[in-house]
Amino acid sequence: MNITYYGHSCFGVEINGKHLVFDPFITPNELAKNISLSSVKADYILISHGHEDHIADAEALAKLTGAKLICSWEINVWFASRGLTNIHPMNIGGKVKFDFGSVKAVAAVHSSGMPDGTYGGSPMGFVIESSEGDFYYAGDTALTYDMKLIGDYRKIDFAFLPIGDNFTMGVDNAIIACEFIKCNKVIGMHYDTFGYIVINKEEALKKFERSGIELKLMEIGQTLTI
Ligand code: NI
Ligand code: MN
């Protein structure tokens, strides 16, 4: 599996030759100014919730690539009204097979209004299962006991977790989340993009290390193979 970081909570994950992009927020992100949207490959765009910092480039990227959007029912209605036709709506608890593997929508404790104030349904996370490995993409969420269901459900190889605090869980709660999901390999997200979520990265790395968990803080534009 190849993972490319596009900043904030946006990652490209290549699985079985298919390109998944999570929560595209690239062109408005000053830290990602070296990434051009036209260089981003996408067969699927997964959207955790309706906030601007997760969907800003979804419409443009879908139109550039023809990628299929995977999102809540309400976000599907919103994008359909803007002319997108290739959308697969889901809701929490559902699991769907695609050609790269399967997607299970799981609970996130957050909010999900669209940028124009339209209700975006419930925010979600995703558990991806594939022949190349399994992982959890948490989206924006607080620490929640529901994460124990993920730990009981499936042995995941790694997890994308928010660590920026203020709008989501921070480092200390993300470490507890790792116990709940039974995972000791984390890729951090949702930090440093705005003043509210700037973190001390050295301290974060130390805290995870002390807990026996590997934390990866990827450079924007970096690709790693897991
Ligand atoms: Ni959010
Ligand atoms: Mn966010």
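Start at 1 and go down the list; that is how both ligands and their atoms are numbered. Heads up: numbering here begins at 1 and tracks the sequence. Scope of the values below: all heavy atoms of this structure, side chains included, with no hydrogens, waters or symmetry mates.
Within His51, the N/O/S atom positioned nearest the Ni ion (ligand 1) carries the name ND1. Looking at Asp140 and the Mn ion (ligand 2) together, the shortest N, O or S contact belongs to OD2. Nearest N/O/S atom of Asp53 relative to the Mn ion (ligand 2): this is OD2. The atom name of the N/O/S atom in Asp140 closest to the Ni ion (ligand 1) is OD2. Looking at His110 and the Ni ion (ligand 1) together, the shortest N, O or S contact belongs to NE2.
Contact annotation: His49 places an N, O or S atom under 2.8 Å from the Ni ion (ligand 1). The Mn ion (ligand 2) does not have His110 among its coordinating residues (no N/O/S atom, backbone or side chain, under 2.8 Å). Contact annotation: His54 places an N, O or S atom under 2.8 Å from the Mn ion (ligand 2).
Residues Asn16 and Ser131 bring a donor and an acceptor atom of their side chains to less than 3.5 Å of each other. Using a 3.5 Å distance cut-off with no hydrogens or angles, the side chains of His49 and Asp140 do pair a donor with an acceptor.
Of the options Tyr6, Phe160, Phe22, a ring-ring contact (aromatic ring centres under 6.0 Å, His included) to Phe11 is made by Phe160 and by none of the others.
Residues His88 and Phe98 place their aromatic rings such that the two centres sit under 6.0 Å apart. Aromatic pair His8/Phe194: ring centres closer than 6.0 Å.
Contact annotation: the side chain of Trp78 never approaches that of Cys71 to less than 4.5 Å [non-hydrogen atoms, C-beta and beyond].
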